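Just so we're clear, the structure is a prediction, and the values are computed from it rather than from any experiment. Below, all heavy atoms of this structure are taken into account, side chains as well, without hydrogens, waters or symmetry copies. Remember, it's 1-based here, ligands and their atoms both numbered in the order they're listed. Starting from 1, each residue takes its place in the sequence as its number.
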Amino acid sequence: METATQPLRPTSGHGGAAGHSYTATHWGIYEVRYRHGEAVALESFARDPSPSPIGLGMMDAVKGPLRVQRPSVRRSWLAAARGDAAESHRERRGQEEFVEVEWDEALRLVAGELQRVRQQHGNSAIFGGSYGWSSAGRFHHAQSQVHRFLNSVGGYVRHADSYSLGAARVLMPHIVAPMDEMHTLHTSWGVLEKHTTLFVSFGGVPAKNAQVGSGGASEHVVPQALERLARAGVRFVNISPVRNDIETGGEVEWIAIRPNTDTALILALAHTLYSEGLHDRGFLASHCVGFEAILPYLIGAADGQPKDARWAEAITGVPAGRITALARAMAANRTMLTMAWSLQRSHHGEQPFWGLVTLAAMLGQIGLPGGGFGVGYGTTNMIGNANAKFGGPTLPQGRNAVREFIPVARITDMLEKPGQGFDYNGERHRYADIRLIYWAGGNPFHHHQDLNRMLAAWQSKPETIVVHEQFWTPAAKLADIVLPATTALERNDIGYAARERYMVAMKQALDPVGEARDDYDIFADLATRLGTHEVFTEGLSSFQWLERLYEESRGRAARAGHALPAFDEFWQGDLLDLAVADAEVVMFQDFRTDPAAHPLGTPSGRIELFSERIAGFGYADCPGHARWFEPIEWLGSETAAKYPLHLLSDQPFTKLHSQFDHAAYSTGNKIGGREPLTLSRADAAARGLADGDLVRVFNDRGACLAAVRVSDDIRAGVAKLSTGAWFDPSHWRAGGPGNLEKHGNPNVLTLDIGASSLSQGCIAQTCLVQVERFQGMAPALTPYQLPVFAEYA
Ligand SMILES: Nc1nc2c(c(=O)[nH]1)N[C@H]1C(S)=C(S)[C@@H](COP(=O)(O)OP(=O)(O)OC[C@H]3O[C@@H](n4cnc5c(=O)[nH]c(N)nc54)[C@H](O)[C@@H]3O)O[C@H]1N2
Ligand SMILES: Nc1nc2c(c(=O)[nH]1)N[C@H]1C(S)=C(S)[C@@H](COP(=O)(O)OP(=O)(O)OC[C@H]3O[C@@H](n4cnc5c(=O)[nH]c(N)nc54)[C@H](O)[C@@H]3O)O[C@H]1N2
Ligand SMILES: [Mo]
């Protein structure tokens, strides 16, 4: 096996040499437990008040049978590469045996194929977007590694935005501020506790989601923060199809809204404020633009339909009296409005966020302690946290010489329609013609919508698919070349995320499993073969990179007023405490105090209730101000006659996306191995279903099995199937509802179109289904089965 570069000095072996060490995951810090010098288990971090159970079964999973042990190549692809066959049979992806090969051959094949595609088609034939959460350490962040590597060899077709915030990332900079800025600007929990009297959430403040933070939650604060607010007497109102996505230990009023209709409710709240003269004219004049442009729409002068509470009642299912009373309460209190990110993961997902900003502007409390709006309290642990923030250790990615890109969720469109045009954020672009897909650190057969459609594109368009994986995930099974990657426990790294309390020296705890290698070392060797070793590695070993990235980050921390110790001291000390005593954050306080001196980054420098820029794009599906649009599928649409349940596919509480779906905490929540489908008592009864019953969930796009969980915490007409179950189709060929997915992966049901021409964001939460008892013998579950391996003869 080749090694990229020699370490500057021995890395002091494993953390085990010291008898203990820490590791950081996106869902928390864990203490590594050693026996006789061997890492055997992970334990909760003692200083964390609400440690997440997600990591406790990780050690077993990491050492378990699902690891990719050796470089593996799909047989027909290998035969074609070795000159033994004319065809690589793309359509056999997922259905064929893999042949394990030596690293040397695997690297030769990947380098050769990259070279061939670059020469014959140019770098714009390589899709390296490689979306995915990877692992928490900042240097070994797989997505950064693959981007840096592909840039070193001439670039790749990238992706813009995220599945998380497709609509919001494009919209929010036009009207208030970029999402990346806002994440760390949120008014801190302590301020809310002191000043807020009414807290209204759209989609709750789910502590299950706040287990997680990108880069690593380290001290989980949300459950305690909510309890403190409740004890301080804050009144809570939760507008959500699901009751228990907020838990304060006290009373929470539940407004069980129809999914995807929040914009109508918000407009009615705004209408009530206006018609009762409760809006803040002064704030609208001094800090906002465009109120007069939305007003004719709001009062019905533009289209004859006032957006009043009665109008909204018919759409949302929320009684008009409740809407007007809530609007009055909002004006009478110090009110914090917060919205979960899920609301913009829907058709016209820009509108609920724009509506929220509009409503908060009319209330005039933006920039006041405890008032205004937030987007995503509870969505991750970071929101509302007041620990230090500075530019953390980040692997520089270099420059991408390829200009083509896709809005992240347009991958199937790109594969289906090379050369075709698409709209995005006021511009017209073209889909690249992709020959090679390179993925490291993501699971597209977890994250993408309408998987039957994607599977068909996957098995026809790309000539080659390369995946680096730790485990035999569905994405690995559907690749041509799979290279085994180490997990965070098998390498040294640095855990850091802005506003999180600890920076973590993540010391290697295990030897690499099988022949797994770090993504960095794999790319360094490929770079050698392609002549870019110096550019990619800059002559540094992984450990030298840690020191470099840490020291660069330390400089940025110093400029932000935080003195960090030198690298050696940090590394010896395991954890750095980044708490800031008595820190308080109030979002947009400066802007409120002096909008001229502290303008927003919008074209006007103010909050844009009407955006001339967006209006100028001329999109019928995203005009210049917040507006109610009927989603393509919702409980009020014609499709509901056939598919009468709105399916929410929320984030799973037992894992991060599909990561560690096979670990004990996740499998322990399944019913007979299947993902639970939450149904209201009424919907279960209407179908003669009880707890634990096996059901088929279906629509025209696909069908899956799931097990019923009856609940009083979900609105009638709504079903919930959390994401994360590894894709387990009856057969590995697209087949719509005829190809029954056996495990409970909601993405065989979801719809794959863009939120609008503006953002093209993912709309996973816009989806209607029907549910029926599954008849007959349940097909065997196979999500955690290894592919078949064959000798090459
Ligand atoms: N229906 C529906 N679908 C959704 C959503 C929804 O709400 N509903 N939410 C969407 C959202 S918000 C997101 S962010 C996406 C998440 O989608 P992804 O981020 O793609 O999901 P993960 O399961 O986190 O995939 C990460 C993969 O990287 C691998 N990995 C981890 N560390 C490393 C490493 O160091 N090296 C390598 N090579 N591999 C590594 C893991 O084994 C795992 O397979 O899903 C989206 N999909
Ligand atoms: N444990 C865990 N935590 C995670 C993740 C994970 O995979 N596991 N993923 C992380 C990631 S990548 C992201 S982007 C965030 C995502 O965070 P979110 O997008 O906020 O998460 P969701 O769980 O999809 O949805 C939150 C709540 O919104 C409600 N909701 C859905 N649709 C509607 C609607 O139309 N109207 C209203 N009013 N409410 C609605 C749902 O009932 C749900 O309880 O979570 C992060 N946190
Ligand atoms: Mo996300």
Side-chain angles (χ1 to χ4, degrees), residues 26-27 52 54 130-137 140-143 145-146 162-166 201-214 217 238-246 255 257-262 265 339-346 352 375-376 378-381 408-409 439-449 467-471 473-476 483-488 491 493 518-519 522 631 634 646-661 714-715 718 720-724 726 745-747 749-750 762 764-767:
H26 293 298
W27 47 91
S52 164
I54 294 175
S130 189
Y131 182 80
W133 267 56
S134 321
S135 294
H140 290 290
H141 182 238
Q143 213 185 132
Q145 292 283 351
V146 65
S162 65
Y163 278 82
S164 318
L165 286 164
S201 55
F202 293 85
V205 181
K208 66 164 176 94
N209 290 14
Q211 287 179 97
V212 162
S214 177
N238 186 31
I239 299 161
S240 179
V242 174
R243 188 208 307 261
N244 59 357
D245 52 23
I246 179 167
I255 297 185
I257 193 168
R258 279 194 190 113
N260 289 197
T261 66
D262 301 75
L265 180 74
M339 189 170 277
W341 297 356
S342 57
L343 278 86
Q344 52 83 61
R345 225 175 289 120
S346 67
V375 276
T379 289
T380 73
N381 187 54
V408 69
W439 223 293
N443 183 356
F445 284 86
H446 159 72
H447 66 231
H448 196 58
Q449 287 60 61
V467 166
H468 294 195
E469 251 298 347
Q470 303 164 331
F471 300 100
T473 62
L483 302 180
T486 51
T487 67
R491 57 202 186 201
D493 212 334
D518 297 352
D519 295 295
I522 299 171
W634 69 295
H646 193 120
L647 183 77
L648 299 179
S649 46
D650 70 329
Q651 310 289 340
F653 74 91
T654 56
K655 57 198 163 242
L656 173 68
H657 314 132
S658 68
Q659 296 194 41
F660 296 102
D661 179 46
I714 192 164
R715 185 191 198 286
V718 181
K720 184 162 76 86
L721 180 61
S722 301
T723 59
W726 284 12
N745 183 324
N747 277 326
L749 302 160
T750 50
C762 133
Q765 307 307 336
T766 298
C767 177

For Asp493, which residues count as a side chain to side chain donor-acceptor pair (under 3.5 Å) partner, sequence neighbours excluded? none
Say whether Gln659 and ligand 2 are in contact under the criterion: heavy-atom distance to a ligand atom below 4.0 Å. no
First locate atom OG of Ser240, then atom CZ of Arg715, and finally report the distance between them rounded to the nearest 0.5 Å. 11.0 Å
Flag Lys208 as yes when one of its N or O atoms lies below 3.5 Å from any N or O atom of ligand 2, and as no otherwise. yes
For atom 36 (N) of ligand 2, what is the nearest protein heavy atom, given as residue, atom name and distance? Asp262 OD1, 2.8 Å
Using a strict cut-off of 4.0 Å, indicate which atoms of ligand 1 neighbour a heavy atom of Ser658. 22 (P), 23 (O)
Taking distance alone, with N or O pairs closer than 3.5 Å, would you say Pro652 contacts ligand 2? yes
the protein heavy atom lying closest to atom 22 (P) of ligand 2 turns out to be Asn209 ND2, 3.6 Å
Would you mind checking which non-hydrogen protein atom is closest to atom 46 (C) of ligand 2, with the distance to 0.1 Å? Thr379 O, 3.3 Å
Taking 4.0 angstrom as the limit and counting only heavy atoms of Gln765, give me the atoms of ligand 1 inside it, by number and element. 6 (C), 7 (O), 8 (N)
Quick test: of every protein heavy atom, which one is nearest to atom 27 (C) of ligand 2, and how far off is it to 0.1 Å? Gly203 O, 3.3 Å
N or O pair under 3.5 Å between Arg345 and ligand 1: yes
If you measure only the distance, is there a donor-acceptor pair under 3.5 Å linking the side chains of Thr379 and Asn209? no
Ligand 2 N/O within reach of Pro241 N/O, cut-off under 3.5 Å: no
Over all heavy atoms of both residues, which pair between Gln211 and Ser52 is shortest? Give the atoms and the distance, please. OE1-OG, 2.8 Å
Any nitrogen or oxygen of Thr473 lying under 3.5 Å from a nitrogen or oxygen in ligand 1? Just yes or no. no
Nearest heavy atom to atom 35 (O) of ligand 2 wins, so pick from Thr380, Leu165, Thr261, Asn260. Asn260
How are the rings of Trp133 and His26 set relative to one another: parallel (under 30°), tilted (30 to 60°) or perpendicular (over 60°)? perpendicular
Looking only at heavy atoms, the pair that brings Trp726 and Phe471 closest together is CH2-CB, 3.9 Å
Under the side-chain contact (heavy atoms from CB on, under 4.5 Å) criterion, do His140 and Asp519 qualify, and how do the steps go? CA-CA 7 Å; His140 290 290; Asp519 295 295; 5.8 Å; no
Is there at least one pair of N or O atoms, one from Gln470 and one from ligand 1, spaced under 3.5 Å apart? yes
Counting from 1 in the order shown, the ligand 2 atoms closer than 4.0 Å to a non-hydrogen atom of Pro259 are 35 (O)
Shortest non-hydrogen contact between Ile54 and Leu656, atoms and distance: CD1-N, 4.5 Å
Residue Gln211 vicinity, atoms of ligand 2 by number, heavy atom under 4.0 Å: 1 (N)
Where is the nearest protein heavy atom to atom 43 (C) of ligand 2: which residue, which atom, and how far? Asp245 OD2, 3.6 Å
Any nitrogen or oxygen of Gly441, side chain or backbone, less than 3.5 Å from one on ligand 1? yes
Where ligand 2 meets Leu656 - atom numbers and elements under 4.0 angstrom, heavy-atom basis: 5 (C), 6 (C), 7 (O), 8 (N), 9 (N)
I need the nearest protein heavy-atom contact for atom 13 (C) of ligand 2: residue, atom name and distance, please. Gln651 NE2, 4.1 Å
Under 3.5 Å, N or O to N or O, is Ser164 touching ligand 1 that way? no
Quick one: nearest non-hydrogen protein atom to atom 11 (C) of ligand 2, plus distance? His657 NE2, 3.8 Å
Need the ligand 1 atom indices (1-based, order shown) with element for anything under 4.0 Å from a heavy-atom of Tyr163. 10 (C), 11 (C), 12 (S), 13 (C), 46 (C)
For Lys720, give me all partners under salt bridge (Lys or Arg N to Asp or Glu O under 4.0 Å), at least two apart in sequence or on another chain. Asp650
Can you check whether Asp519 has an N/O within less than 3.5 Å of an N/O in ligand 1? yes
Ligand 2 atoms in contact with Ile239 (distance to a heavy atom under 4.0 Å): 38 (N)
Sub-4.0 Å atoms of ligand 1 with respect to non-hydrogen atoms of Asn747: 1 (N), 2 (C), 3 (N)
List ligand 2 atoms under 4.0 Å from Val242, heavy atoms only on the residue side. 42 (O)
Pull out every atom of ligand 2 sitting under 4.0 Å from any heavy atom of Trp341, numbered as shown with elements. 14 (S), 19 (O), 20 (O)
Among all protein non-hydrogen atoms, which one is nearest to atom 31 (C) of ligand 2, and what is the separation to 0.1 Å? Ser342 OG, 3.5 Å
Cut-off 3.5 Å, side chains only: do Ser658 and Asn443 have a donor facing an acceptor? yes
Can an N or O of Asp650 be found at a distance shorter than 3.5 Å from an N or O of ligand 1? no
Measuring from non-hydrogen atoms of Trp27 to any atom of ligand 2, is the shortest distance under 4.0 Å? no
Can you find an N/O atom of Lys655 closer than 3.5 Å to an N/O atom of ligand 2? yes
Parallel, tilted or perpendicular: which fits the ring planes of His447 and Tyr131, with parallel below 30° and perpendicular above 60°? perpendicular
